[in-house]
Amino acid sequence: MSFVYRPTEAQPRLIHDDDQILVVDKPEGLLSVPGRGEDRADCLIARLRVAFPTVLLVHRLDLDTSGVMVFALTPHAQRHLSRQFETRGVRKSYVARVLGRVEGRTGTVDQPLMVDWPNRPRQMIHPEGRPAQTDWRVIRAGEDETRVRLTPLTGRSHQLRVHMAHLGHPILGDPLYATGPAAEFPRLMLHAETLRLRHPDSNVTMTFSADVPF
């Protein structure tokens, strides 16, 4: 880079960068890529492009989700990383606060998902949907809410949000899948805490993390 990268509200915190990849801590409430319409042009990749002109998209996080995201800085890195995501070679771990007391310590939700067309962007569980699996583990359980670690084994849209709602424990602050008091939080309580992948050049496994803000 020709200048020092100084994270601000307009420049999310940088976790790692080299000549192939860029890893950042995405804030909640910011789109990963532009949406439809001029009012949704502001997004993470556009802000990063100011400092990293060659930045390329590899994956996305929902608007309301915060946490670790990796971007490519070369076409080679984009192909390599995209292939890892497609073949489930990337391991992602999320932390969430969910409604109610989750019984048990660990489990797996195995429910196919598809778009709920009349209510887009909502997704729904449907037998004709695409396979979707989520591992969950309780970190700390209370009477009113539980903190859990979620590991998606597939990468479907809204997967963690729909699967936890299906268990009867919607993620707190979820504007789409939580109702009543559970929806009345200042943000979606879902954070991408860790991301493990192989570096496109060295093929060395690397793990990146971002502190949970809630």
Side-chain angles (χ1 to χ4, degrees), residues 26 28-36 40 43-45 57-71 81-139 145-180 182-183 185 187-197 212 214:
K26 175 192 169 301
E28 60 89 18
L30 180 65
L31 290 166
S32 296
V33 297
R36 294 182 178 179
R40 296 173 68 83
C43 61
L44 180 56
I45 196 168
L57 185 71
V58 175
H59 68 123
R60 307 182 189 196
L61 288 179
D62 291 344
L63 167 71
D64 298 317
T65 304
S66 58
V68 183
M69 279 191 70
V70 62
F71 292 85
L81 292 170
S82 296
R83 194 157 51 244
Q84 290 185 57
F85 275 92
E86 291 167 3
T87 59
R88 304 186 187 180
V90 174
R91 183 175 178 84
K92 297 176 285 183
S93 176
Y94 294 72
V95 170
R97 289 167 56 192
V98 303
L99 180 67
R101 185 180 186 89
V102 177
E103 299 299 331
R105 299 302 301 174
T106 64
T108 299
V109 183
D110 187 356
Q111 294 289 340
L113 299 175
M114 68 184 300
V115 64
D116 183 358
W117 286 105
N119 300 298
R120 288 177 292 176
R122 285 178 59 94
Q123 309 291 311
M124 64 180 180
I125 290 173
H126 194 282
E128 297 181 5
R130 301 174 70 188
Q133 299 88 31
T134 301
D135 285 344
W136 59 265
R137 177 182 295 274
V138 170
I139 299 173
E145 68 173 72
T146 302
R147 184 177 291 261
V148 293
R149 179 162 284 111
L150 305 174
T151 302
L153 307 182
T154 52
R156 310 304 178 207
S157 181
H158 294 187
Q159 175 177 317
L160 305 181
R161 299 163 68 176
V162 178
H163 277 175
M164 293 313 295
H166 171 73
L167 289 182
H169 301 287
I171 298 174
L172 298 176
D174 193 328
L176 292 179
Y177 305 103
T179 59
F185 280 73
R187 60 157 292 175
L188 174 69
M189 298 297 172
L190 179 64
H191 177 78
E193 184 182 32
T194 64
L195 182 66
R196 188 177 71 194
L197 51 81
V212 180
F214 50 78

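Judged as a ring pair (Phe, Tyr, Trp, His ring centres under 6.0 Å), and not counting sequence neighbours, the contacts of Tyr177 are His158. Residues passing the ring pair (Phe, Tyr, Trp, His ring centres under 6.0 Å) test with Phe185, sequence neighbours excluded: none. Legend: residues meeting side chain to side chain contact (heavy atoms under 4.5 Å, CB included) with Ala182, ordered by chain and number and at least two apart, are Leu99, Leu172, Ala178. Scored by the side chain to side chain contact (heavy atoms under 4.5 Å, CB included) test, Thr154 finds Arg88, Ala132, Gln133, Arg156, Gln159 as partners (sequence neighbours excluded). Partners of Arg83 by salt bridge (Lys or Arg N to Asp or Glu O under 4.0 Å), not counting sequence neighbours: none found. With sequence neighbours left out, Thr108 forms a side chain to side chain donor-acceptor pair (under 3.5 Å) with Asp135. Every residue two or more places apart in sequence or in another chain was checked for a side chain to side chain contact (heavy atoms under 4.5 Å, CB included) with Pro112, and none qualifies.
Sorted by first then second residue, the salt bridge (Lys or Arg N to Asp or Glu O under 4.0 Å) pairs that include residues 93-113, not counting sequence neighbours, are Arg97-Glu145, Arg101-Glu143. Applying the ring-ring contact (aromatic ring centres under 6.0 Å, His included) definition to pairs two or more places apart or across chains, none involves residues 98-138. For the ring-ring contact (aromatic ring centres under 6.0 Å, His included) condition, the pairs that include at least one residue of residues 82-114, sequence neighbours left out, are His59-Phe85. Within the structure, no pair that satisfies the salt bridge (Lys or Arg N to Asp or Glu O under 4.0 Å) test touches residues 116-133, not counting sequence neighbours.
Atom CG of Leu113 sits about 7.0 Å away from atom CD of Gln123, to the nearest 0.5 Å. With values rounded to the nearest 0.5 angstrom, Ser32 atom OG is found 9.0 Å from Ile45 atom CD1. One finds the CG atom of Leu176 at 11.0 Å from the CD1 atom of Ile171 (value rounded to the nearest 0.5 Å). Here Arg91 contributes atom CZ and Leu195 contributes atom CG; the two are 11.5 Å apart, rounded to the nearest 0.5 Å.
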Would you be so kind as to tabulate the donor-acceptor pairs closer than 3.5 Å made by side chains of residues 60-68, with sequence neighbours excluded?
from, atom 1, to, atom 2, distance (Å)
Asp62, OD2, Arg161, NH1, 3.1
Ser66, OG, Arg187, NH1, 3.3
Ser66, OG, Arg187, NH2, 2.9
Ser66, OG, His191, ND1, 2.7

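Shown here for Met164 and Val98, the closest heavy-atom pair between the two residues is CE-CG1, 4.1 Å. The minimum heavy-atom distance between Glu193 and Val212, with the atom names listed, is OE2-CG2, 3.9 Å. Nearest heavy-atom pair across Val109 and Leu167 is CG2-CD1, 3.6 Å. Shown here for Val138 and Val148, the closest heavy-atom pair between the two residues is CA-CG1, 4.2 Å.
Between the Thr146 side chain and the Val102 main chain, a donor and an acceptor come within less than 3.5 Å of each other. Under a 3.5 Å cut-off, the side chain of Thr106 and the backbone N or O of Arg137 do not form any donor-acceptor pair. A donor-acceptor contact shorter than 3.5 Å links the side chain of His163 to the backbone of Gln111.
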Working note: Leu44 + Leu31, criterion side-chain contact (heavy atoms from CB on, under 4.5 Å); need CA distance, chi angles, decisive distance, verdict. CA-CA 6 Å; Leu44 180 56; Leu31 290 166; over 6 Å; no
Before you tell me yes or no, could you show the steps for Val162 and Ile125 under side-chain contact (heavy atoms from CB on, under 4.5 Å), namely the whole-Å CA-CA distance, both residues' side-chain angles and the distance that decides it to 0.1 Å? CA-CA 8 Å; Val162 178; Ile125 290 173; 3.9 Å; yes
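Few gaps surround CZ on Arg147; more than 12 heavy atoms of other groups in view lie less than 6.0 Å from it.
By the 4.5 Å heavy-atom criterion applied to side chains, Ser93 and Leu150 are not counted as neighbours.
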